[in-house]
Engineer: 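Before anything else, here's the structure in question.
Residue numbers begin at 1 in each chain, while the letters A, B, ... track the order of the sequences.
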Number of protein chains: 2
Amino acid sequence: MCARETGRRTGRPRSAEADRAILDAARQALVELGWGRLSMGDVAARAGVAKTTLYRRWANKNELVVDAVAALFDELELPDRGSLRADVEGVVLQFAALLEQPATRTALMAVVAEATHDEALRRRIRAAIVDRQKRLVIEGRRRAQERGEIPPDDGDPTAQVDLIFDVIAGAVVHRALVSCEPVDADWAARFTTVLLGGLAAASAI
Amino acid sequence: MCARETGRRTGRPRSAEADRAILDAARQALVELGWGRLSMGDVAARAGVAKTTLYRRWANKNELVVDAVAALFDELELPDRGSLRADVEGVVLQFAALLEQPATRTALMAVVAEATHDEALRRRIRAAIVDRQKRLVIEGRRRAQERGEIPPDDGDPTAQVDLIFDVIAGAVVHRALVSCEPVDADWAARFTTVLLGGLAAASAI
DNA sequence: ACTCTTTCGATACGACCCGTAGCGTAACTG
DNA sequence: CAGTTACGCTACGGGTCGTATCGAAAGAGT
């Protein structure tokens, strides 16, 4: 989205090191200053590059910050822990650990807030962050079906996947970012009990 | 937080009409422009007052916007609909309707994002918005216990109230603001089924 | 009526930031 | 070496924040 590949045959190549330095500087500045007080000049100074270099790669502040944030969520995974309950608790704690890092927390809230009145930014965030994490729900469901813990699909599972995703991500984000209370193993266990009990009741209809 | 009561014995009184005009203008500007592009000069112009008048009442932009937002959540209520399920569905839809208003949506996200790196603002928001809404959960629980739908408390119900609150508010906020999909009667019904089933399973332990 | 106190409107101001433009230089290619 | 592109640097216009200043207005008390 920043460096063109086609038509670039000669000339001084872009510094990949500068890319990393800029994104790191942007994340660091976002943590320390927040969205409003983050300035492009400051990011450039932290990265040790000129401000014009930032604008050669990203069109504006929003684009740069979103790119800096998107990479933070790539580390989420869903290792097979042997049972649906363990998988859910595992991903809840993993997600919570990510949100406990000030970088991720500040970045996510800032980006979501900015997207509230920017449709293009909203689409970009949904594609880069939200839809990507839904894979975790889909994968966990598939494993649980293979284990026989939940019944196989009858029809389109999209609605149920969306509901589960909103409940998990919503509850964790709300507790971590709005209520500002810890998402520890005890909370994860109680939350998982509610979620699995609820899904069992819902599928029994 | 703005008008002092002690020591104010004489002089020209503050215009209460200006207060309302400023808060209305701030909400309107927040909807149209978002946090980043909302300017104090613009709010002053919309309200028909001088910019200095804003700074005489609020220390800075954050304080003004938070005050403008806090009032939006006062309209939430929990009418008795006769059953726990109906009460939950009612408050979910009511909350969702509030979040569907661009004013509330933009304002909430902007304020939460701003609070991520501002401890004082965070405390203010929790006291003014979060803790206030927990009353809805406490009241709904009490009614359900009186009806015999859920067992009475054994010990401190704080943890369960907090969990329920995070699940309800988190799921609704996440669907409405992050997933950007509608919270309609169908979704509310399915969500309530999951929640009540989960609570029944949790209390059966 | 007169004074005192406080608020109000209007204007100007310094500081900061965004995003752009121009220029000379560095790095890489054929 | 010539051509092309990225880079650092500087400067700029436009906008905003928050403050300062000053005269006028609106009440309260005597």
Side-chain angles (χ1 to χ4, degrees), chain A residues 1-23 25-26 29-30 32-68 110 114 117-118 120-121, chain B residues 1-23 25-26 29-30 32-68 110 114 117-118 120-121:
Chain A
M1 66 203 66
C2 36
R4 287 172 296 120
E5 294 298 330
T6 55
R8 183 181 156 295
R9 298 250 130 253
T10 180
R12 176 176 177 175
R14 281 199 172 164
S15 164
E17 191 178 1
D19 271 341
R20 283 186 293 102
I22 293 170
L23 291 174
L30 196 56
E32 294 181 13
L33 307 172
W35 183 289
R37 276 168 287 284
L38 178 145
S39 78
M40 296 294 264
D42 186 45
V43 172
R46 288 171 193 257
V49 301
K51 196 175 68 166
T52 42
T53 300
L54 272 64
Y55 282 101
R56 288 193 188 96
R57 293 155 197 252
W58 289 275
N60 51 45
K61 198 167 102 173
N62 287 5
E63 305 260 328
L64 167 59
V65 177
V66 170
D67 272 17
E114 196 67 20
H117 50 85
D118 187 334
L121 195 57
Chain B
M1 63 204 70
C2 34
R4 286 174 294 121
E5 293 299 331
T6 54
R8 183 179 155 295
R9 298 251 131 251
T10 179
R12 177 176 176 175
R14 281 200 171 162
S15 163
E17 191 178 1
D19 270 339
R20 284 186 292 101
I22 292 170
L23 290 174
L30 197 56
E32 294 181 12
L33 306 172
W35 183 289
R37 278 168 286 283
L38 177 145
S39 77
M40 296 295 264
D42 185 45
V43 172
R46 288 171 192 257
V49 301
K51 196 174 64 166
T52 42
T53 300
L54 272 63
Y55 283 101
R56 287 194 191 95
R57 291 165 157 79
W58 290 276
N60 50 46
K61 199 167 101 170
N62 286 6
E63 305 261 328
L64 168 60
V65 177
V66 170
D67 272 17
E114 196 68 18
H117 51 85
D118 188 335
L121 195 57

Engineer: What I want to find out is whether A/R57 reaches A/D19 closely enough, with some N-O distance under 4.0 Å, to be called a salt bridge.
Structural biologist: yes

Engineer: Are the side chains of A/W58 and A/V65 in contact, using a 4.5 Å heavy-atom criterion?
Structural biologist: no

Engineer: Side-chain N or O of A/T53 less than 4.0 angstrom from OP1 or OP2 on D/dG8?
Structural biologist: yes

Engineer: Scan nucleotides 13-24 of chain C nucleotide by nucleotide, 5' to 3', and note B when protein non-hydrogen atoms come under 4.0 Å of the base, S if they reach only the sugar-phosphate, - if neither.
Structural biologist: ----SBBBB---

Engineer: Figure out the CZ/P separation between B/R12 and C/dT7, and round it to whole Å.
Structural biologist: 10 Å

Engineer: Let me know the distance between CZ of A/R14 and P of C/dA27, rounded to the nearest Å.
Structural biologist: 17 Å

Engineer: Let's go through A/R37 and A/E32 carefully: what are the C-alpha distance in whole Å and the side-chain angles of both, what is the deciding distance for side-chain contact (heavy atoms from CB on, under 4.5 Å) to 0.1 Å, and is it a yes or a no?
Structural biologist: CA-CA 9 Å; A/R37 276 168 287 284; A/E32 294 181 13; over 6 Å; no

Engineer: Rounded to the nearest 0.5 Å, what separation is found between the CG atom of A/L38 and the CG atom of A/L64?
Structural biologist: 7.5 Å

Engineer: Could you tell me which residues satisfy side chain to side chain donor-acceptor pair (under 3.5 Å) with A/E63, sequence neighbours excluded, listed by chain and number?
Structural biologist: A/R124

Engineer: Between D/dC7, C/dC28, C/dG9, which one does the side chain of A/P13 approach most closely?
Structural biologist: C/dC28

Engineer: Figure out the CD/C1' separation between B/E17 and C/dC8, and round it to whole Å.
Structural biologist: 14 Å

Engineer: Does C/dC8 have OP1 or OP2 under 4.0 Å away from a side-chain N or O of B/R57?
Structural biologist: yes

Engineer: Tell me, please, which residues at least two apart from A/D42 pass side chain to side chain donor-acceptor pair (under 3.5 Å).
Structural biologist: A/R46

